[in-house]
A.B. asks: 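Pasting a structure here, questions to come.
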Amino acid sequence: MKILQEKFYARDDVVAISRELLGKVLVTTIDGATTSAVITETEAYAGVRDRASHAYGDRRTARTEPMYAKGGTAYVYLCYGIHHLFNVVTGRSGTPHAILVRAGKPVEGVTLMLERRGRKRPDAALLGGPGSLARALGITTTLTGTSLVDGPIRIEDHGIRVPASKISAGPRVGVDYAGADALLPYRFRVDPGEIQ
DNA sequence: CGAATGATATACT
DNA sequence: GTATATCATTCGA
C-alpha cells in the first residue's frame, strides 16, 4: 500500500503517467470516512500546447492556478454547473499538465459511495464517468490545490499490474471544441473485468 | 434527444 | 462592475 510520491508525478511525460495511473488506487478520506477505487480510465491534458486543456495558451487564472503547481497536486473544478471533475497535476512547478480521472472500480467504502450517488447496488454507473466518480468519492472543488501526497486525496500502488496489451487508447471525450487536438489519442482505458 | 445548473472567462459599459 | 456565452457531464423522457 505505498502512496505515490512527488517523484512519480513530477515527470514531464503526462501521457506516460496517464497510462501508468491505470490500476492505481484512488483513495479519499472525507470527514473521517475512507472510500477508494481502482482507476480504470484517464485522459491526459498536455499543458499550454493542448487546445483541449484549460491552460492552453498559458491561460493562468484563479481556477487553473493549481495546474501550475508541482506534480502531485489535485485540480478540481465545476463542469456544466453540476459536476465536480478531479484531475491529477503532473510535471514540475510552472508546467500545467493534468490528467482527468474518468472512471474507476470500487474497492473500499462501497456503502458510502452508493449513498452519495443515491444508488442501491454497485454497477458500472457507480464510478463510470468523471462526474460520477468524483461524486462517489466525495471530491468537491473545495479540495482543488490540495496535495496528493499528504492530503485528503491520495493515490496508492496496490501492485495491480495492467499489461500494455489490455490498455486501449483513443480520442478524448467532450472536447470537440479543441479542433485537431480533439483527435489526439490521449484517453486510456482498461476493462474493469481485467482488474483483480 | 435535450434540459439542468452555476462558476468562470471574456467582452463589454 | 455588469452582461453573456460557454462548458473535460449526467440523467431522464
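Proteins come first, then strands; the chains are lettered A, B, ... in the order of their sequence lines, and each starts at number 1.
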A.B. asks: For a quick test of reading the model: is some side-chain N or O of A/Y177 closer than 4.0 Å to OP1 or OP2 of C/dA8?
C.D. replies: yes
A.B. asks: Whole angstroms only, please: what is the CZ-P distance between A/R119 and C/dT10?
C.D. replies: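 Rounded to the whole Å, the gap is 11 Å.
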A.B. asks: Look at all strands and tell whether A/L85 reaches a base, only sugar-phosphate, or nothing, counting heavy atoms closer than 4.0 Å.
C.D. replies: sugar-phosphate
A.B. asks: Look at the side-chain N and O atoms of A/R135 and state whether any lies under 4.0 Å from the OP1 or OP2 oxygen of C/dT10.
C.D. replies: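 No.
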A.B. asks: Does the side chain of A/R102 get closer than 4.0 angstrom to OP1 or OP2 of C/dT9 through an N or O atom?
C.D. replies: yes
A.B. asks: Rounded to whole Å, how long is the line connecting atom CG of A/L126 with atom C1' of C/dC11?
C.D. replies: 15 Å
A.B. asks: A/D50 versus A/Y45: any side-chain heavy-atom pair under 4.5 Å?
C.D. replies: yes
A.B. asks: Without decimals, in angstroms, what is the distance between A/M67 CE and B/dT8 P?
C.D. replies: 15 Å
A.B. asks: Select base, sugar-phosphate, or nothing to describe what A/R172 touches, counting heavy atoms under 4.0 Å on all strands.
C.D. replies: nothing
A.B. asks: Stacking between B/dG6 and A/Y80, yes or no? Criterion: centroid separation under 5.5 angstrom, plane angle under 30 degrees.
C.D. replies: no
A.B. asks: Round to a whole Å and report the spacing from CG of A/L127 to P of C/dT10.
C.D. replies: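 In whole Å, C/dT10 P lies 11 Å from A/L127 CG.
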A.B. asks: May I ask you to say what A/T141 touches in the nucleic acid, namely base, sugar-phosphate or nothing, with a heavy-atom cut-off under 4.0 Å?
C.D. replies: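 Here A/T141 touches no strand at all.
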A.B. asks: Whether A/R51 contacts C/dA8 is assessed here as follows: a side-chain N or O lying under 4.0 Å from the phosphate OP1 or OP2. Is that the case?
C.D. replies: no
A.B. asks: For the side chain of A/L78, counting heavy atoms from C-beta on, which of B/dA7, B/dA9, C/dA8 is nearest?
C.D. replies: B/dA7
A.B. asks: Rounded to the nearest angstrom, tell me the gap between atom NE2 in A/H84 and atom P in C/dA8.
C.D. replies: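 Rounded to whole Å, this separation is 15 Å.
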A.B. asks: Compare the minimum distances between each of B/dA4, C/dA8, C/dC11 and the side chain of A/I82, then state the nucleotide with the smallest one.
C.D. replies: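 Between B/dA4, C/dA8, C/dC11, the one nearest the side chain of A/I82 would be B/dA4.
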A.B. asks: When the nearest nucleotide of DNA chain C is assigned to A/G174 and to A/A125 on a heavy-atom basis, which residue is associated with the more 5' position?
C.D. replies: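 Checking each residue's closest nucleotide, the 5'-ward one belongs to A/G174.
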A.B. asks: Please determine, for B/dT8, whether a Watson-Crick or G-U wobble partner exists with both distances under 3.5 Å, and give it or none.
C.D. replies: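 Paired with C/dA5.
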A.B. asks: Using a cut-off of 6.0 Å, state whether more than 12 heavy atoms not belonging to A/R49 lie near its atom CZ.
C.D. replies: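 Result for CZ/A/R49: open.
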A.B. asks: Kindly point out which of B/dA9, C/dC7, C/dC11 is positioned nearest to the side chain of A/R117?
C.D. replies: C/dC11
A.B. asks: Between C1' on B/dT5 and OH on A/Y77, what's the gap in Å once rounded to a whole number?
C.D. replies: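 Nearest whole value for this atom pair: 15 Å.
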A.B. asks: Picking from A/L21, A/V27, A/V25, what satisfies side-chain contact (heavy atoms from CB on, under 4.5 Å) with A/I155?
C.D. replies: A/L21
A.B. asks: Measure from the side-chain N and O atoms of A/D176 to the backbone N and O of A/G179, and report whether any donor-acceptor pair falls under 3.5 Å.
C.D. replies: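 Flag not set: sc A/D176 to bb A/G179 has no pair under 3.5 Å.
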A.B. asks: Starting from P on C/dT9, measure out to CZ on A/R187 and report it in whole angstrom.
C.D. replies: 10 Å
A.B. asks: For a quick check, tell me whether the side chain of A/H83 and the base of C/dA8 share a donor-acceptor pair closer than 3.5 Å.
C.D. replies: no
A.B. asks: In terms of side-chain heavy atoms, does A/R154 have a donor or acceptor partner in A/T28 at a distance below 3.5 Å?
C.D. replies: no
A.B. asks: Take the protein atom CG of A/L133 and the nucleotide atom P of C/dC11, then report the distance between them rounded to whole Å.
C.D. replies: 12 Å
A.B. asks: What do you reckon, is CZ of A/R187 surrounded by more than 12 foreign heavy atoms closer than 6.0 Å?
C.D. replies: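 Correct, the count exceeds 12.
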